[in-house]
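Everything on this sheet refers to the single structure shown next.
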Amino acid sequence: MPAFMLRFFVLTLLVFAALPALADAPKKLYSTPDLTDKRYYMCRHDSDCVTAQLPCGRLVVTNSYLHDDVQGWFNFIGPKYKCESPVRKQQAKNIACTENKCTADISLVPNIMPDTPEAKNTAYCKTVDDCAVVEGNCHAKMLVNKIYKDKLQADYDHLRDVNKENCLYPDNRTVVNLRCEANTCKSELEIPDETYWDGPMKIKERKSK
């Protein structure tokens with residue numbers, strides 16, 4: 001076999017041997033982001049700001065321009081982390097561009113353990129301080145344990161935005177005498193002076209004389 005054909009044959013074998021490794025190689029090589037660098041947080045509008053999911057349920061707020069670099073890096077190194085069990089996830093609220101810097105209120109998601117009173121009854125309470133009000137469809141009021149408030153309110157707010165809610169008869173009653181009674185959050189609903197209640201889902205304006 002001529003020498004050039006032998007070299008071609010060997011080179012072909014090397015290429016085919018390397019194909020599996022090339023298929024498994026990452027499409028992009030990520031480097032450790034320096035999250036102290038202000039470039040990761042620079043913004044002009046609230047819509048410029050997003051969150052990236054870090055290992056073990058943690059969050060960090062960054063701008064959308066560099067989000068893929070941050071998220072890509074933590075997706076790459078995430079499997080190397082050993083997280084506590086159960087994982088305490090974080091949640092972000094009030095994501096905004098404040099003075100050209102992305103900011104957010106990041107806190108732990110309440111850890112609701114199964115087979116507890118709170119898990120079995122969303123309105124369970126020990127004291128009135130455990131109780132909160134959630135405003136649902138057409139401003140309907142619901143009483144819940146405060147650990148559920150943020151998540152439920154966010155869900156209803158999202159549904160209103162998606163469905164472009166337009167209620168013919170919104171529930172304008174206000175919650176009064178919020179209390180914890182027999183381990184359940186309870187209250188009365190008071191009708192504002194300018195309206196009167198006319199049926200379970202109907203409020204009419206009182207005609208002025």
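One is the number of the first residue; the rest follow in order along the sequence. All figures in this text were calculated on a predicted structure; none of them were measured in a lab.
The hydrophobic clustering, which links ILVMFWY residues whose side-chain heavy atoms are closer than 4.5 Å, places Met142 and Val133 apart. Cluster membership check: Phe74 shares its hydrophobic cluster with Leu66, using side-chain heavy-atom separations under 4.5 Å among Ile, Leu, Val, Met, Phe, Trp and Tyr. Leu59 and Phe76 end up in different hydrophobic clusters when Ile, Leu, Val, Met, Phe, Trp and Tyr side chains are linked at under 4.5 Å. Following chains of ILVMFWY side-chain contacts shorter than 4.5 Å, one can reach Trp73 starting from Leu54, so the two form part of one hydrophobic cluster.
Between Leu189 and Val176 the shortest side-chain heavy-atom distance does not fall below 4.5 Å. By the 4.5 Å heavy-atom criterion applied to side chains, Glu190 and Arg173 are not counted as neighbours. Side-chain atoms of Tyr124 and Lys126, non-hydrogen and from C-beta on, do get closer than 4.5 Å to each other. Annotation: side chain of Asn63 is not in contact with side chain of Val50 (no heavy-atom distance under 4.5 Å). Contact check for Cys131 versus Leu178: side-chain heavy atoms found under the 4.5 Å cut-off.
In this structure, the separation between CG on Leu35 and OH on Tyr41 is 4.5 Å, given to the nearest 0.5 Å. Separating the CG atom in Leu152 from the OG1 atom in Thr122 is a distance of 7.0 Å, to the nearest 0.5 Å. Atoms OG1 and CD1, from Thr32 and Ile77 in turn, are 6.5 Å apart once rounded to the nearest 0.5 Å. The line from OG of Ser47 to CD1 of Ile95 is 12.0 Å long, rounded to the nearest 0.5 Å.
A donor-acceptor pair under 3.5 Å is formed between the side chain of Gln153 and the backbone N or O of Glu135. The closest donor-acceptor contact from the side chain of Asn100 to the backbone of Cys43 lies under 3.5 Å. Proximity of a side-chain donor or acceptor of Gln71 to a complementary backbone N or O of Gln53 within less than 3.5 Å is detected. Between the His67 side chain and the Thr51 main chain, a donor and an acceptor come within less than 3.5 Å of each other.
Within 6.0 Å of CE on Met42 lie no more than 12 heavy atoms contributed by other residues, nucleotides or ligands. The neighbour count for Lys141 NZ, taken as heavy atoms of other residues, nucleotides or ligands under 6.0 Å away, is above 12.
Nearest heavy-atom pair, Leu143 versus Ala123, reported as atom, atom and distance to 0.1 Å: O-CB, 3.6 Å. Across all non-hydrogen atoms, the minimal contact from Val144 to Cys185 is O-SG, 4.0 Å. Shortest non-hydrogen contact noted between His139 and Pro170 is CD2-CB, 3.5 Å. Among all heavy-atom pairs drawn from Val128 and Cys180, the shortest one is N-CB, 3.7 Å. Between Val61 and Ile106, the shortest heavy-atom contact is N-CD1, 4.4 Å. For the residue pair Asn75 and Pro79, the shortest heavy atom distance occurs at O-CD, 3.5 Å.
Screening Asp46, Asp105, Thr103 for a side chain to side chain contact (heavy atoms under 4.5 Å, CB included) involving Asn94 leaves a single residue, Asp105.
Using modelled atom types and a 3.5 Å distance limit, the side chains of Asp130 and Asn145 yield no donor-acceptor pair. If you check the side chains of Tyr65 and Asp48, you find a donor sitting under 3.5 Å from an acceptor.
Between Cys49 and Cys102, the two SG sulfurs come within 2.5 Å of each other, short of that mark.
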Criterion side-chain contact (heavy atoms from CB on, under 4.5 Å) on Asn177 and Ser187, from CA distance to verdict: CA-CA 5 Å; Asn177 191 23; Ser187 75; 5.6 Å; no
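Between Glu181 and Arg179, at least one side-chain nitrogen of the basic residue sits less than 4.0 Å from a carboxylate oxygen of the acidic one, meeting the salt-bridge criterion.
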